Structures are given as C-alpha cells and as structure tokens.
Amino acid sequence: MTGRRSINQATTISSRLRSPLVSLIVPVYNEEAAIGLFMAQVNAMVRRSDTHFELVFVNDGSSDNTLSVIKAFPSSCPMRLVDLSRNFGKEAAMTAGLAMSKGDAAVPIDVDLQDPIEVIDQFIVEWKNGHDMVYGVRESRGCDTPMKRNTSVLFYYIFNKLSRDKIPENVGDFRLMDRKVIDAVLSLEEKNRFMKGMFSWVGFKTKAVPYHRAPRAAGNTSWNYWKLWNFALDGVIGFSSLPLRVWTYIGAFISLFSFLFIANIVFRKLVFGNPVDGWSSLMVTVLFFGGIQLISLGIIGEYLGRLFIESKNRPVYLVDTVEEFEAHAENVDEAEATEFSRRSCRETA
Ligand code: UDP
Ligand code: MG
C-alpha cells in the first residue's frame, strides 16, 4: 500500500516538472471595469513563463457587460468561459471553475488584481518542490479598513477555537492546488461550500507564501458586513458542532445552580420563615431564561436550516453555457488592454 502511494507520488511530482498546465480560476461578478487590466497582466505572465496556462472564467450571473468584455478580449493562453445560470456566490463559482479546469494544478484568483499575479511564479516553484497546496498569506491588509481587519482577526480566533480543522490567519482563496487536492475538494459534496475550511480539511503537504495584498484595481467589492457575517456563520456552523453541544453544558450548569437555589429558598423558608422574594427577581429570572432558551433554539435553527438545504441535495451551481477560446497570438500591452476593455464596454453597452 505504502509502496503504491510512493509510486503515485513520484509520478505526480515528475508530471509537475514536465511542462505542466496550470488553470487560473477566475470567478467574476459585475467586473467589466477590471477585466482589461487583469488580462494584460495574465498575458504578460503567460508570455514570460515556461509553464502552460489556461484561463477558466466563471461568470457568476453578472448583470453588466462582463461576459462580452471577456469574450472580446484576446488571451495569450487557451480560455474557457463558464457562464452560470444566475449569481450563485463566489464559493459556488469557484467550485464550478475547479470542476471545469483541466490543469495539473489550479490557482483561484480574483479578477480585481488584489492577488498579485507575480506571486503565482512563487507558487509554482514551491509546487515543483513537492508541496501539494501552496497558499498565499496576506502580510499587509493596508487596503482594508481597521474595522474589517479587526472583525477578521476575531473571526479567525473564534473559528479556530471552535473548529477542529484550523484555518491559517490572513489566508484567502488565492493559492495553488495540485490536481489531487482539486479532486479531493471536488469529492466533498456539501452544498454549504466554505472553501477556506474545505481546503484545510483535505490536508496534503502545504506551504505558505507571504504577499502584499493590493487595493482593488477597478470596480467595487460586492461584500458588505451583513454578507460577511453570514459568510462567517456558514463557516463556523459548517465546521463545528460546538455551538450546538455547548447548550448541554450550559443547561446542566443552570440546572445544578437552580437546585442549589431551590434548596436555599426551602431552607430559608423552613428555618427562618423568610417570605418568598418579590416580583422583580422573578421577572428577571423569567426573562433571562427566556432569552437563553431563544438563543439556543436559534442556534439549533441555524443547523436545522442548513441541514434542510443539504437534504434537498440541489446542485451547488447550474451552468448555462461553456465556451472555449484558443490562445491569441497577438501581444497586447497594458495601455492597449485598458483601451480595448473600455472600447468593448462602450460597444456592448
Ligand atoms: N465574485 C463572484 N461572485 C459573487 C461575488 C464576487 O464571483 O457573488 C468574484 C468577484 O468578481 C471577484 C472575487 O469574487 O473576482 C472577489 O470579490 P471581491 O473583490 O468583491 O471580494 P473582496 O476582495 O472584497 O473580498
Ligand atoms: Mg477583491
């Protein structure tokens, strides 16, 4: 068994060294303004690298001209354009991209250039050194507000306290995954796809590469605090049952405490003949326990709701069309690319 595994391992690593194919997975949602700059940088990387690339764009139900801008744009490597039937969210779009990728490895990357393209070279070096998953660690988050940074620190702290599968701090989806990691992630059939957690759950040999996260090159983020809160909730609930189990202990503690309290009241009544405490203390107790019970019910509801969604077993995403584009020989520099993108936006508007 061990022998077979080491033969497989050896085969995989040698295929990495022989001109491998790396798929760039790019989920896009209303990104017409960012595509030109992104393509210019990808084209430059493809031209200078000895690795083969393919681009897998996943249009996540954009309502602007994203789709036609991508189609109009010349790419220096083969390109696949997966158009989903509506907006399913970034996690679903990324899953679609991974499923549609053909590479020996894949790199999910944001189109807004917040994940610097040149870091991919370092990912590939570490991959060729035998690491199956090479993830980028954000060294600086200067472009995020202090509020976003603090809530993010809090999230990682709570998640890693509650979940058995730890996720490294300041790590996003920007990473390189070997084919075996991609297949492992795709074999997880859950509908609630908290990718960061899934990437850490599958394991394999990992390596961190630090990088500086840039501000958005163009367009606006589609995240707000409400969406982030729900994303965090999906993560914690998808990867830990502790919030559910903790009520057993809270309940046991409160029961024990109330027995002692009852004994105390009976004792005081029998020995000292004290009257029962008044209305205020009764109300406080009723309200307090009413609140506690509603919180615990709400938490059960969060799990039950997700269980309900999982039990329907609907697909994570639906594909409308898939189009293939061959590599374009033309060299397009950054200025031309921006102008090209502007022109395509105007023409398709
Ligand atoms: N995205 C997507 N579907 C969505 C929201 C975002 O495919 O419903 C894509 C978006 O086009 C971008 C990437 O996910 O390429 C990251 O989004 P964004 O920059 O808004 O997130 P942030 O960097 O602010 O976390
Ligand atoms: Mg971004």
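Counting starts at 1 for both ligands and their atoms, following the listed order. Nothing here was measured: the structure is a model prediction, and the numbers come from that model.
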Donor-acceptor pairs under 3.5 angstrom involving side-chain atoms of residues 283-294: please list them, not counting sequence neighbours.
from   : atom 1 : to     : atom 2 : distance (Å)
Thr285 : OG1    : Ser281 : O      : 2.5

Exercise. Just by modelled atom types, is the Gly273 backbone N or O under 3.5 Å from a matching donor or acceptor in the Arg268 side chain?
Worked result: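 Judged by distance alone, no pair lies under 3.5 Å.
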For this session: Sort by chain and number the protein N/O/S atoms found under 2.8 Å from the Mg ion (ligand 2).
Result: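 Asp112 OD2, Gln114 OE1, with waters left out.
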For this session: Might you confirm whether atom OH of Tyr225 has over 12 heavy atoms from other residues, nucleotides or ligands at distances under 6.0 Å?
Result: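 Count over threshold, so yes.
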Exercise. If you draw a 6.0 Å radius around CH2 in Trp201, do more than 12 non-hydrogen atoms from other residues or ligands fall strictly inside?
Worked result: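 No.
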Problem set entry | Phe204 ring center near Phe199 ring center (under 6.0 Å) |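 Ring-ring flag for Phe204/Phe199: false, centres at least 6.0 Å apart.
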For this session: Kindly say whether the aromatic ring centers of Phe123 and Tyr135 come within a distance under 6.0 Å.
Result: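 Judged by ring-centre distance (under 6.0 Å), Phe123 and Tyr135 do not meet the cut-off.
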For this session: Applying side-chain contact (heavy atoms from CB on, under 4.5 Å) between Lys205 and each of Asp178, Val134, Asn129, Asp132, report the one that passes.
Result: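 Between Lys205 and the candidates, side-chain contact (heavy atoms from CB on, under 4.5 Å) is satisfied uniquely by Asp132.
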Exercise. Tell me, which residues have any heavy atom less than 4.0 Å from some atom of ligand 1?
Worked result: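 For ligand 1, the contacting residues are Pro27, Val28, Tyr29, Glu31, Asp60, Asn87, Gly89, Lys90, Asp110, Val111, Asp112, Gln114, Arg213, Arg216, Thr221, Ser222, Trp223.
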Problem set entry | Pairs satisfying salt bridge (charged side-chain N to carboxylate O under 4.0 Å, His left out), at least one member in residues 283-303, at least two apart |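 The answer is Glu302-Arg306.
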Exercise. Do we see a donor-acceptor contact under 3.5 Å between the side chains of Lys161 and Tyr156?
Worked result: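 Short answer, no.
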